[in-house]
Peer 1: 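Pasting in a structure now, in structure tokens, and then I'll have a few things to ask.
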Amino acid sequence: MKMKKLFIALATLVAGLSLAACSSGEKAQTPLEKIKEKGTLVVATSPDYAPFEFQTLVDGANKVVGSDIMLAQKIADELGVKLEVSTMNFDNVLNSVKNGKADLAIAGLSVSPERSKIFDFSEPYYQVGNVLLVQKADAAKYAKVEDLDKADLAVQKGTTQETYAKESLSNANIISLTQMGEAVNELKNGQVKAILLDSAVAEGYIGQNPDLAIAKLSFEEEEENAKAIAMPKDSGDLKTEIDKIIAEIVESGEYNQYLEEAAKYTVVE
Ligand code: ARG
């Protein structure tokens with residue numbers, strides 16, 4: 001008898017609770033529904049990483065362009081919302097997704113196990129490798145890790161390259177800089193000896209700076225450096241939708257077209 005009473009009491013409680021849950025509002029919105037209702041897709045990026053995202057001059061005014069920005073625009077168009085590009089230093093990009101200020105981060109972002117614990121990542125849209133950017137005269141000088149002993153090696157703050165350098169190139173004197181442009185200036189004027197960065201970005205700098213080159217030293221283990229979009233954990237239908245768009249633009253070669261298009265702009269630091 002006691003058990004039965006307890007059961008009824010519990011059942012009443014459960015019924016009451018679920019009623020309260022229902023009356024306090026409709027079913028919770030999914031991440032995708034929320035963006036559609038807002039009517040704006042906020043994308044966090046750090047525009048110092050050509051050809052992915054960078055600044056250029058359009059009619060005398062600074063404008064953020066690049067293959068990632070075209071990707072962001074494509075996603076906004078497909079979702080039927082406006083795109084708002086929110087720019088900041090790279091070491092703030094992921095935070096702004098974490099604290100809900102941005103819906104997505106598209107910033108030449110590499111997928112890493114540590115980041116995957118905190119964020120959902122889309123399917124990858126581009127592969128690059130890590131390279132060492134040096135002055136042309138030094139290209140042969142840096143051929144193995146030991147050659148970096150005590151050398152001033154710049155990395156961008158908050159990047160996977162910073163983590164990698166601290167773990168695997170700790171014989172060098174690692175210098176973390178906030179802006180990639182700053183690192184390149186320091187390399188050109190001899191304040192640092194090398195920069196560890198993504199190959200596509202290094203090639204862009206070499207194109208504009210014939211005094212720079214990629215060092216002989218290569219990084220096998222980092223060869224599969226996949227670029228993907230970061231979004232909050234459990235992004236569910238938003239991730240599904242974004243993965244669908246990425247599959248399309250990778251397969252059709254559209255992302256490569258974005259890269260070609262981006263290469264036509266002049267980089268403004
Ligand atoms: N591979 C790097 C990372 O994911 C570098 C990205 C830097 N991006 C930028 N927009 N500066 O950490």
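Position 1 is the first residue of the sequence; numbering continues from there.
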Peer 1: Test side-chain hydrogen bond (donor to acceptor under 3.5 Å, both in side chains) on D77 and Q73 and set out the steps.
Peer 2: CA-CA 6 Å; D77 290 348; Q73 187 63 60; 3.0 Å; yes
Peer 1: Considering non-hydrogen atoms only, spot the tightest contact between P124 and V250 and give its length.
Peer 2: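 Heavy-atom minimum between the residues: O-CG2, 4.3 Å.
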Peer 1: Side chains of Q208 and V267: does their closest heavy-atom pair fall under 4.5 Å?
Peer 2: yes
Peer 1: So, for I246 and E123, which heavy atoms are closest and what is the spacing to 0.1 Å?
Peer 2: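 Taking every non-hydrogen atom into account, CD1-O, 3.5 Å.
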Peer 1: Using only atom types and a distance under 3.5 Å, with no angle test, would you say the side chain of N209 pairs donor to acceptor with the backbone of I206?
Peer 2: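 Side chain of N209 to backbone of I206, a donor-acceptor pair under 3.5 Å: no, none is there.
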Peer 1: Name the one of K63, M88, Q55 that satisfies side-chain contact (heavy atoms from CB on, under 4.5 Å) with P47?
Peer 2: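 It is Q55; the other options fail the test.
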Peer 1: Do F90 and Q179 touch side chain to side chain, with heavy atoms closer than 4.5 Å?
Peer 2: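 No - every pair of side-chain heavy atoms lies 4.5 Å or more apart.
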Peer 1: Within a strict 4.5 Å, meaning less than it, do heavy atoms of the T30 and L238 side chains meet?
Peer 2: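 With C-beta onward as the side chain, the pair stays apart.
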Peer 1: So L217 and D147, do their side chains get closer than 4.5 Å, heavy atoms only?
Peer 2: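 Heavy-atom side-chain distance check fails, nothing below 4.5 Å.
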Peer 1: Do any N or O atoms from the side chain of S86 and from the backbone of V43 form a donor-acceptor pair under 3.5 angstrom?
Peer 2: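 It does not hold such a pair.
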Peer 1: Could you walk me through whether V155 and I175 pass the side-chain contact (heavy atoms from CB on, under 4.5 Å) test, one step at a time?
Peer 2: CA-CA 6 Å; V155 287; I175 301 170; over 6 Å; no
Peer 1: Might you point out which heavy atoms bring I245 and K74 nearest each other, and give the distance in Å?
Peer 2: CG2-CG, 3.9 Å
Peer 1: Verify the neighbour count for atom CD of E146: are there more than 12 heavy atoms of other residues, nucleotides or ligands below 6.0 Å?
Peer 2: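 Buried by this count: over 12 neighbours within 6.0 Å.
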Peer 1: Could you tell me which non-hydrogen atom of D48 sits nearest to which non-hydrogen atom of Y205, and how far apart they are?
Peer 2: O-OH, 4.0 Å
Peer 1: Kindly give the heavy-atom pair with the smallest separation between V128 and F52, and that separation in Å.
Peer 2: CG1-CZ, 4.3 Å
Peer 1: Supply the atom-to-atom distance S235 OG to I229 CD1, rounded to the nearest 0.5 angstrom.
Peer 2: 11.0 Å
Peer 1: Under a 4.5 Å cut-off applied to non-hydrogen side-chain atoms, are L57 and Y265 in contact?
Peer 2: no
Peer 1: Any chance you could lay out the side-chain hydrogen bond (donor to acceptor under 3.5 Å, both in side chains) test for N185 and Q191, step after step, and finish with the verdict?
Peer 2: CA-CA 8 Å; N185 283 338; Q191 278 169 280; over 6 Å; no
Peer 1: Would you please test T40 and E84 for side-chain hydrogen bond (donor to acceptor under 3.5 Å, both in side chains) and show each step?
Peer 2: CA-CA 7 Å; T40 315; E84 185 185 317; 5.2 Å; no
Peer 1: Do N89 side-chain atoms and D91 backbone N/O form a donor-acceptor pair below 3.5 Å?
Peer 2: no
Peer 1: So L153 and I195, do their side chains get closer than 4.5 Å, heavy atoms only?
Peer 2: no
Peer 1: Is a donor on one side and an acceptor on the other found under 3.5 Å between the side chain of Q156 and the backbone of T178?
Peer 2: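 Pair found, side chain donor or acceptor close to backbone of T178.
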Peer 1: With a 3.5 Å distance limit and no angle check, can you tell me whether T240 reaches the backbone of G236 through a side-chain donor-acceptor pair?
Peer 2: yes
Peer 1: Rounded to the nearest 0.5 Å, how far does NZ of K193 lie from CG of D138?
Peer 2: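 Rounded to the nearest 0.5 Å, the CG-NZ separation comes out at 5.5 Å.
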Peer 1: Could you tell me whether K188 atom NZ has more than 12 heavy atoms of other residues or ligands within 6.0 Å of it?
Peer 2: yes
Peer 1: Look up atom CG in L212 and atom CG in L133, then write down how far apart they are to the nearest 0.5 Å.
Peer 2: 5.0 Å
Peer 1: For the atom pair CZ (F121) and OG (S116), what is the distance rounded to the nearest 0.5 Å?
Peer 2: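 Taking CZ in F121 and OG in S116, the distance rounds to 5.0 Å.
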Peer 1: If you round to the nearest 0.5 Å, how far is CD1 of I75 from CG of L104?
Peer 2: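 Reported value, rounded in 0.5 Å steps: 6.0 Å.
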Peer 1: The test is side-chain contact (heavy atoms from CB on, under 4.5 Å); show your working for I242 and M231 and say whether it passes.
Peer 2: CA-CA 10 Å; I242 287 179; M231 56 198 113; 4.2 Å; yes
Peer 1: Name the one of V65, T45, V64, D68 that satisfies side-chain contact (heavy atoms from CB on, under 4.5 Å) with F54?
Peer 2: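 Filter result, single survivor: V65.
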Peer 1: Heavy-atom count around K38 NZ within 6.0 Å, excluding the residue itself: above 12?
Peer 2: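 Atom NZ in K38 is crowded, with more than 12 foreign heavy atoms closer than 6.0 Å.
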Peer 1: Would you find a donor on one side and an acceptor on the other, under 3.5 Å apart, between the side chain of E167 and the backbone of Y164?
Peer 2: no
Peer 1: Any side-chain heavy atom of S199 sitting closer than 4.5 Å to one from N130?
Peer 2: no
Peer 1: Looking at A44 and S96, what are the two nearest heavy atoms and their distance?
Peer 2: CB-OG, 3.3 Å
Peer 1: Does some side-chain heavy atom of E261 sit less than 4.5 Å from a side-chain heavy atom of M70?
Peer 2: yes
Peer 1: Decide yes or no on salt bridge (charged side-chain N to carboxylate O under 4.0 Å, His left out) for D234 and K239, but give the supporting numbers first.
Peer 2: CA-CA 8 Å; D234 301 318; K239 176 171 155 57; over 6 Å; no
Peer 1: Output, in order, the C-alpha distance, side-chain angles, deciding distance and verdict of side-chain contact (heavy atoms from CB on, under 4.5 Å) for I118 and K98.
Peer 2: CA-CA 8 Å; I118 310 169; K98 201 161 110 192; 3.7 Å; yes
Peer 1: Take E241 and K244, measure what salt bridge (charged side-chain N to carboxylate O under 4.0 Å, His left out) needs, and give me the verdict at the end.
Peer 2: CA-CA 5 Å; E241 191 64 30; K244 217 169 74 193; 3.8 Å; yes
Peer 1: Whether the side chain of Q135 engages the backbone of D211 through a donor-acceptor N/O pair (distance < 3.5 Å, no angle test) should be reported.
Peer 2: no
Peer 1: Does a sphere of radius 6.0 Å around NZ in K233 hold more than 12 heavy atoms from other residues, nucleotides or ligands, not counting ones at 6.0 Å or beyond?
Peer 2: yes
Peer 1: Would you check if the side chain of D237 reaches a backbone N or O of L32 as a donor-acceptor pair within less than 3.5 Å?
Peer 2: yes
Peer 1: Spell out, as yes or no, whether a donor-acceptor pair under 3.5 Å connects the side chain of S110 to the backbone of K227.
Peer 2: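 Not a single qualifying donor-acceptor pair exists.
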Peer 1: Look up atom OG1 in T56 and atom CG in N62, then write down how far apart they are to the nearest 0.5 Å.
Peer 2: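 The distance works out to 8.0 Å.
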Peer 1: Side chain of E53, backbone of G108: donor and acceptor closer than 3.5 Å?
Peer 2: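 Yes, because the side chain of E53 sits within donor-acceptor range (under 3.5 Å) of the backbone of G108.
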Peer 1: Go through the steps for T163 and S112 under the test side-chain contact (heavy atoms from CB on, under 4.5 Å), then give the verdict.
Peer 2: CA-CA 10 Å; T163 310; S112 76; over 6 Å; no
